[in-house]
Undergrad: 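Quick one: the structure is below, questions incoming.
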Protein chains: 2
Amino acid sequence: MNKRLTLKDVAKAADVHVSTVSRALDPNSSTSLSEEVSNRIKVVAKELGYRPNRIAAGLRTNKSMTVGVMIPDITNTLFPPIVRGIESTLEPFGYATILVNTDNIPERELRLIEVLRERGVDGIITVAAHRNDPGIAELIELGIPVISLNRRLDISTVPYVINDDNVGMKLLLKHFFDLGHRRIGHIAGPRDLSTGQIRAAAFSEGCKAHGLPDCADLIYYSDRFEEAEGERCTVELLRTNPDITALLCANDRLAIGAYSGIRSLGLRVPEDISVTGFNDSPILESIPPRLTTVRIQKFEIGQAGAKLLLNALQGGAKGPIGTVLPVELIIRDSTCAPRSES
Amino acid sequence: MNKRLTLKDVAKAADVHVSTVSRALDPNSSTSLSEEVSNRIKVVAKELGYRPNRIAAGLRTNKSMTVGVMIPDITNTLFPPIVRGIESTLEPFGYATILVNTDNIPERELRLIEVLRERGVDGIITVAAHRNDPGIAELIELGIPVISLNRRLDISTVPYVINDDNVGMKLLLKHFFDLGHRRIGHIAGPRDLSTGQIRAAAFSEGCKAHGLPDCADLIYYSDRFEEAEGERCTVELLRTNPDITALLCANDRLAIGAYSGIRSLGLRVPEDISVTGFNDSPILESIPPRLTTVRIQKFEIGQAGAKLLLNALQGGAKGPIGTVLPVELIIRDSTCAPRSES
DNA sequence: TTAGGTTGTGCAATCGTTTGCATGATTTGG
DNA sequence: CCAAATCATGCAAACGATTGCACAACCTAA
């Protein structure tokens with residue numbers, strides 16, 4: 001267990017002061033050094049295999065070169081590509097990422113924010129933000145850069161990267177409309193998540209635009225983005241509104257749950273009820289009937305978020321506060337024209 | 001951007017020395033403090049909302065309370081549950097996890113090990129180890145605790161948690177044998193990964209045990225655990241050995257690739273060729289024909305690995321160097337009796 | 001009563017870097 | 001040829017916590 005090399009060791013070997021070594025090894029040091037000494041030091045450092053201790057440096061500079069990444073749950077297929085996008089973008093700049101799972105539990109989220117702060121993260125990227133998120137609000141107040149991915153906060157000062165939920169919903173609605181559907185239900189996401197809220201709003205708006213009658217009672221809010229919730233809501237919605245011919249779900253998991261719900265009522269997808277999702281999870285290609293959905297850019301959302309954070313960390317000219325990534329309608333087998341009722 | 005509270009601030013507020021505060025807040029401090037002072041300090045600290053700066057503490061104690069987790073690629077469905085198992089187990093003990101993706105590229109792995117070392121991780125859990133891994137070997141030499149999950153290293157001093165690959169292969173082989181298969185091929189994993197090597201060895205051994213004729217030429221080594229490789233190897237193997245009726249693939253991805261390969265030759269799964277995988281990825285339930293495979297415990301492997309690391313970090317009595325988790329045969333639709341050739 | 005033992009707290013060094021300032025060496029210009 | 005400017009390097013103080021040691025106050029026992 002040989003001790004870690006320090007600046008002091010290099011300094012001794014190169015017969016200079018530690019501060020000189022520090023400067024020689026710092027590419028953008030303000031103080032000037034002679035080429036000769038600088039090179040000698042670099043050579044010695046490399047020979048000895050010197051590696052800086054970022055903890056010590058972090059203590060002095062108050063920069064840990066780490067960022068916190070908060071997600072609800074890494075085992076949810078939506079998040080790994082986002083996390084990968086973040087890591088791939090940040091790593092070349094020397095930032096390491098600390099990953100934490102909040103399970104969408106507010107207290108847990110608050111505790112994990114503390115954990116990250118104690119470790120002196122330079123910034124935080126959250127994919128787990130609630131519309132009204134006290135923890136995030138506090139971070140902002142403390143001046144710690146925060147980026148919210150996939151979701152938005154109600155407070156408008158938090159930079160975000162989201163998908164174009166609005167356009168996505170309109171595309172789905174138009175698809176239904178073109179097929180001939182007129183009674184369309186919506187299984188919405190949780191009210192406290194921006195994705196749920198934005199998509200529900202887009203749904204209402206879209207219905208109106210297509211001249212569909214009041215659709216407020218055709219929206220059913222789920223409590224969580226989970227299959228079981230999708231099933232429960234679908235059953236309840238179809239019980240109350242048996243004339244529905246199409247079901248627009250706020251995400252894929254709700255849609256897969258809707259499949260079960262529809263079948264439990266003795267109906268078929270899509271012959272009796274057309275179903276759509278949102279996100280385009282990788283599994284979908286293989287679950288029959290293959291789900292018609294909206295594809296969002298997952299890796300890219302992480303990438304864009306990381307860039308936004310880098311910009312904030314480098315104190316750069318503050319770019320746009322929000323980035324909206326384009327989406328794409330993916331038509332598969334879960335949608336068809338309604339049974340003719342003529 | 002109000003400054004972070006430090007021990008000094010608390011000390012001033014409680015009118016004691018910083019060292020006293022440090023001791024009061026350290027649950028297992030060796031020095032004794034009067035109840036009264038200790039409580040007063042705790043109250044003041046809580047009131048002020050003091051949070052220790054782990055960076056500073058880490059510098060002094062040489063413990064960062066972070067661990068590095070190295071995986072090939074978080075977007076591979078095998079890894080998220082493992083990572084979650086690690087994080088869930090470590091977090092309650094105050095450890096944060098830094099996640100890095102190696103993409104199975106050795107140079108990248110070496111660089112990332114440096115990144116982790118610079119950050120002073122207290123230990124490393126790798127799910128990306130090669131059988132012969134110079135980076136890991138160096139860590140061991142430096143006395144940094146390392147645990148290898150899912151894979152083993154050839155050097156025997158690295159504690160590991162693996163699944164019972166051996167039993168898993170025997171179960172699959174017995175399953176084939178019971179169905180009546182006698183010409184069984186094996187698409188093996190890469191030679192430099194222990195999973196590939198162990199499974200191939202178990203295959204050979206199992207063939208012999210069942211009295212099957214020399215099977216060495218029925219093993220085909222893939223270069224990577226990827227679908228495309230599975231397809232390529234399957235096609236080549238079946239070209240050379242057209243009498244094969246069953247294909248045992250070293251993991252699920254190779255098996256899914258095998259599906260394509262078999263179909264490209266105009267054959268059907270399982271009627272013409274039975275296929276099996278390994279791991280039981282979540283997608284499998286939905287890809288027809290549903291793959292017969294061996295289920296490994298993913299979350300548990302992370303959990304067990306984390307426990308092993310905790311043990312190593314607490315310098316505890318060194319427990320077993322290896323943990324082998326039980327596996328389970330999952331029979332689905334990709335296997336059936338061979339066509340009768342009577 | 002006093003020597004010796006506790007007990008509770010403060011002092012100061014330390015961890016490995018970074019960085020403002022001081023200082024000695026060298027160059028420049030008049 | 002000397003004063004002033006410039007350059008290269010060293011010095012030492014941070015950063016915020018931990019911890020061995022010193023020391024004062026108190027307690028106990030002979």
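Quick note on labels: first sequence line is chain A, next is B, and so on, each numbered from 1. Not measured: the values here are computed from a predicted model.
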Undergrad: Can you tell me how far C1' of dC15(C) sits from CG of Leu5(A), to the nearest Å?
TA: 16 Å
Undergrad: Verify the contact: side-chain N or O of Ser19(B) to OP1 or OP2 of dT19(D), cut-off strictly under 4.0 Å; return yes or no.
TA: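 Answer no for this pair, as no side-chain N or O of Ser19(B) is under 4.0 Å from OP1 or OP2.
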Undergrad: Return the value, rounded to whole Å, for the distance between atom CZ of Arg4(A) and atom C1' of dT17(C).
TA: 12 Å
Undergrad: Which nucleotide in the set dG10(D), dT9(D), dT14(C) lies at the smallest distance from any side-chain heavy atom of Val37(A)?
TA: dT9(D)
Undergrad: By nearest nucleotide on DNA chain C, pick out whichever of Ala56(B) and Ser38(B) is the more 5' one.
TA: Ser38(B)
Undergrad: Any side-chain N or O of Thr20(A) less than 4.0 Å from the OP1 or OP2 oxygen of dG10(D)?
TA: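 Answer yes for this pair, as a side-chain N or O of Thr20(A) is under 4.0 Å from OP1 or OP2.
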Undergrad: Nearest whole Å is fine: how far is dT17(C) P from Asp9(A) CG?
TA: 9 Å
Undergrad: Just checking Thr6(A): base, sugar-phosphate only, or nothing, at a heavy-atom cut-off of under 4.0 Å?
TA: sugar-phosphate
Undergrad: Whole angstroms only, please: what is the CG-C1' distance between Leu7(B) and dC15(D)?
TA: 13 Å
Undergrad: Between P on dC15(C) and CD1 on Ile55(A), what's the gap in Å once rounded to a whole number?
TA: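 The distance from CD1 of Ile55(A) to P of dC15(C) comes to 15 Å, rounded to the nearest Å.
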Undergrad: Round to the nearest Å and state the distance from Asn28(B) atom CG to dT19(D) atom C1'.
TA: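 Taking atom C1' of dT19(D) as the reference, CG of Asn28(B) is at 13 Å.
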Undergrad: Between dA13(C), dT17(C), dG8(C), which nucleotide has the shortest distance from any of its atoms to the side chain of Ser34(B)?
TA: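 Taking heavy atoms from C-beta onward, the closest nucleotide is dG8(C).
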Undergrad: Quick check: do Met70(A) and Ile113(A) have side-chain heavy atoms less than 4.5 Å from each other?
TA: yes
Undergrad: Within the pair Tyr50(A) and dT17(C), is there a side-chain N or O less than 4.0 Å away from OP1 or OP2?
TA: yes
Undergrad: Hey, which sits more toward the 5' end of DNA chain C by its nearest nucleotide, Arg40(B) or Thr61(B)?
TA: Arg40(B)
Undergrad: Nearest to the side chain of Arg23(A), which nucleotide is it out of dT17(C), dG20(C), dG20(D)?
TA: dG20(C)
Undergrad: Measuring only between side-chain heavy atoms, which start at C-beta, is Leu153(B) closer than 4.5 Å to Ser194(B)?
TA: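 No, their side chains stay 4.5 Å or more apart.
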Undergrad: Do the charged groups of Asp154(B) and Arg131(B) touch, with an N to O distance under 4.0 Å?
TA: yes
Undergrad: Between dC15(C) atom P and Arg119(B) atom CZ, what is the distance in whole Å?
TA: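 Distance check: Arg119(B) CZ to dC15(C) P gives 23 Å.
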Undergrad: 5'-most contact on DNA chain D: His17(B) or Leu59(B), nearest heavy atom basis?
TA: Leu59(B)
Undergrad: Whole angstroms only, please: what is the NZ-P distance between Lys8(A) and dA12(D)?
TA: 14 Å
Undergrad: Salt bridge check, Arg40(B) against Glu36(B): does any charged N sit closer than 4.0 Å to a carboxylate O?
TA: yes
Undergrad: Using the side-chain contact (heavy atoms from CB on, under 4.5 Å) rule, take Asn104(B) and Phe225(B) through it: C-alpha gap first, then chi angles, then the decisive distance, then the call.
TA: CA-CA 11 Å; Asn104(B) 276 330; Phe225(B) 275 125; over 6 Å; no
